[in-house]
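Heads up: the structure comes next, in C-alpha cells.
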Amino acid sequence: MNEEHRIEEKEIDAAIQQIASDANLYGLDADKVKKIWFSALLQQVADNELDNQQAH
C-alpha cells in the first residue's frame with residue numbers, strides 16, 4: 001500500500017467521523033449513518049470498478 005493510498009484512507013475515515021458527528025447533532029443514530037454512508041461508498045467503488053472493466 002503506497003503513501004497516497006494511506007492518505008486517502010485517512011481522509012475517508014475523517015469524513016466518516018465528521019458525517020457521524022453531524023448526524024449525531026441532528027439526533028440521528030451516528031452508527032447507523034456511518035453504516036449507510038460506508039455501504040454507499042462501497043457500492044460506488046464497486047460500480048466504478050464494473051464500469052472500468054466494461055470499458056476495456
Side-chain angles (χ1 to χ4, degrees):
M1 184 180 305
N2 63 26
E3 185 64 25
E4 182 178 323
H5 190 88
R6 284 189 204 113
I7 291 170
E8 287 177 5
E9 282 185 348
K10 288 180 183 177
E11 290 173 350
I12 290 170
D13 288 344
I16 291 171
Q17 291 302 322
Q18 184 62 50
I19 289 166
S21 177
D22 292 348
N24 212 11
L25 288 174
Y26 293 104
L28 303 171
D29 180 0
D31 285 336
K32 185 173 183 178
V33 171
K34 281 196 296 188
K35 288 177 185 175
I36 292 168
W37 191 87
F38 192 62
S39 177
L41 177 63
L42 289 176
Q43 184 62 52
Q44 184 63 47
V45 169
D47 289 346
N48 289 346
E49 183 63 25
L50 184 61
D51 289 346
N52 287 342
Q53 287 179 3
Q54 289 176 347
H56 294 319

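Not measured: the values here are computed from a predicted model.
Among residues two or more places apart in sequence or in another chain, the side-chain contact (heavy atoms from CB on, under 4.5 Å) test is passed with Ile7 by Glu3, Glu11. With sequence neighbours left out, the side-chain contact (heavy atoms from CB on, under 4.5 Å) criterion links Ile36 to Lys32.
If you take CZ on Phe38 and CD1 on Ile16, they are separated by 6.0 Å, rounding to the nearest 0.5 Å. For the atom pair Gln54 CD and Asn52 CG, the distance stands at 9.5 Å (nearest 0.5 Å).
Note on Ile12 and Val45: separate hydrophobic clusters, where clusters join Ile, Leu, Val, Met, Phe, Trp and Tyr whose side-chain heavy atoms are under 4.5 Å apart, directly or indirectly.
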Between Gln43 and Asp47, is a side-chain hydrogen bond (donor to acceptor under 3.5 Å, both in side chains) present by the stated rule, with each step listed?
CA-CA 6 Å; Gln43 184 62 52; Asp47 289 346; 2.9 Å; yes

